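What follows is a short report on a single structure.
Keep in mind it's a predicted model, so treat the numbers as computed, not measured. First the proteins, then the strands, lettered A, B, ... as listed; each starts at 1.
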Amino acid sequence: MKSLGRNLAPNFYLRNTVTVAKALLGKCLHLRHSDTSLLAEIVETEAYCENDPASHTYRGPTPRNQMMYEEGGLCYVYFTYGSHFCMNVVTGKKGKGEAVLLRALAPLEGWEVFRKNRPGVPDSSLLNGPGKLTQALGIFREHNGWRFDRPDFQLLDLGRDYSSRQIGSSPRIGITKAKTRPWRFFIKGSPWLSRKS
DNA sequence: ACATCGATCTACT
DNA sequence: GTAGATCGATGTA
């Protein structure tokens, strides 16, 4: 099976979480669903750190958040609001409970699967929210703990680079604590964001 | 055992 | 812009 680009190196994930949240912009999530390739570019992320009142790890380890304490480079999936899954990239060395939430992706390949998984929505809304993108990609609880290093589940560098001027930041969305920390990052002007800016 | 509330989404006004 | 859905994880007792 031919690779589309280079997989992110294991130490990509071991830097501080805010750095990784920015570095993930422009990287591509590649899933293989039987015969179909699903490919999408990360355009919006949020960092969740230790000692961060908005993070699931703020009060220490629990059954839900244990994946956040694993070595960086694996996937943390959780269920919320009785309906939605959210997908994170775990960061830092084992024992550090931090991760990056994927908030929006730009579709590149697999449009038919995305449309089938999210019937009736316009193409512009297929992947533009943390619960929407997991629905379109078919991410469920079973993906919790998967490493992004398998042929059917990868994070790739396809050379889509952005300068720091092209990256915007803002407070994180939908949280009730630590509302002022500017730990949401996005590609300025992308039509695929969950919000205009 | 129970009460609270959430890293959201959709539909409706 | 706002309301309601929906249910599992968590904290408290």
Query raised in the report: Arg59(A) or His84(A): which one's nearest nucleotide on DNA chain C is closer to the 5' end?
Result: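 Counting from the 5' end, the first nearest nucleotide belongs to His84(A).
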Report task. Please determine, for the side chain of Arg141(A), which listed nucleotide (dT10(C), dA9(C), dT8(B)) has the closest atom? Result ->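 When the side chain of Arg141(A) is considered, dA9(C) is the closest of dT10(C), dA9(C), dT8(B).
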Query raised in the report: What nucleotide among dC9(B), dT6(C), dT10(C) has an atom nearest to a side-chain atom of Lys132(A)?
Result: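 Nearest listed nucleotide: dC9(B).
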Strictly below 4.0 Å: does [X] bring a side-chain N or O up to OP1 or OP2 of [N]?
| X | N | answer |
| --- | --- | --- |
| Thr62(A) | dA9(C) | no |
| Arg118(A) | dT10(B) | yes |
| Thr80(A) | dG8(C) | no |
| Arg103(A) | dT8(B) | yes |

What integer distance in Å separates [X]:[atom1] from [N]:[atom2]?
| X | N | atom1 | atom2 | result |
| --- | --- | --- | --- | --- |
| Phe140(A) | dG8(C) | CZ | P | 15 Å |
| Ile175(A) | dT8(B) | CD1 | P | 9 Å |
| Leu127(A) | dT8(B) | CG | C1' | 16 Å |
| Asp52(A) | dG6(B) | CG | P | 14 Å |
| Tyr78(A) | dT8(B) | OH | P | 6 Å |
| Phe79(A) | dA7(B) | CZ | C1' | 14 Å |
| Arg64(A) | dC5(B) | CZ | P | 15 Å |
| Ile173(A) | dC9(B) | CD1 | C1' | 13 Å |

Requested in this report: Can you label the angle between the Tyr78(A) ring and the His56(A) ring as parallel, tilted or perpendicular, going by 30° and 60°?
Outcome: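 Answer is perpendicular, since the angle exceeds 60°.
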**Report entry** Of Val121(A) and Met87(A), the one whose closest DNA chain B nucleotide lies more 5'
**Finding:**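 Nearest-nucleotide comparison on DNA chain B picks Met87(A).
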Are any of the side-chain heavy atoms of [X] and [Y] separated by less than 4.5 Å?
| X | Y | value |
| --- | --- | --- |
| Leu105(A) | Ile42(A) | yes |
| Leu31(A) | Ile139(A) | yes |
| Cys86(A) | Leu101(A) | yes |

Query raised in the report: Within 45° of the six-membered ring axis of Phe186(A) and under 6.0 Å from that ring's centre, is NZ or CZ of Arg103(A) located there?
Result: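 That pair does not qualify as a cation-pi contact.
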**Report entry** Geometric cation-pi criterion Arg15(A) and Tyr13(A), 6.0 Å radius, 45° cone
**Finding:**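 That pair does not qualify as a cation-pi contact.
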Report task. Kindly indicate whether the side chain of His56(A) and the base of dA7(B) share any N or O donor-acceptor pair separated by less than 3.5 Å? Result ->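 It does, because a donor-acceptor pair links the side chain of His56(A) to the base of dA7(B) below 3.5 Å.
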Report task. Under 4.0 Å between any heavy atoms, over every strand shown, what does Met68(A) touch: base, sugar-phosphate, or nothing? Just pick one. Result ->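 Since a base atom lies under 4.0 Å of Met68(A), the category is base.
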Query raised in the report: Within the structure shown, what part of the strands sits under 4.0 Å from Leu101(A) by heavy-atom distance: base, sugar-phosphate, or nothing?
Result: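 Since a base atom lies under 4.0 Å of Leu101(A), the category is base.
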Report task. Measure from the ring centre of Tyr48(A) to the centre of the six-membered ring in the base of dA7(B), then say whether that distance is under 5.5 Å and the planes meet at under 30°. Result ->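 According to the criterion (under 5.5 Å, under 30°), yes, Tyr48(A) stacks.
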Requested in this report: Measure the distance between the ring centre of Tyr81(A) and the centre of the six-membered base ring of dA5(C), then answer whether it is under 5.5 Å with planes under 30°.
Outcome: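 Stack criterion not met.
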Report task. Any strand is fair game: report the nucleotide pairing with dG1(C) by Watson-Crick or G-U wobble, both distances under 3.5 Å, or none. Result ->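 Across any shown strand, dG1(C) pairs with dC12(B).
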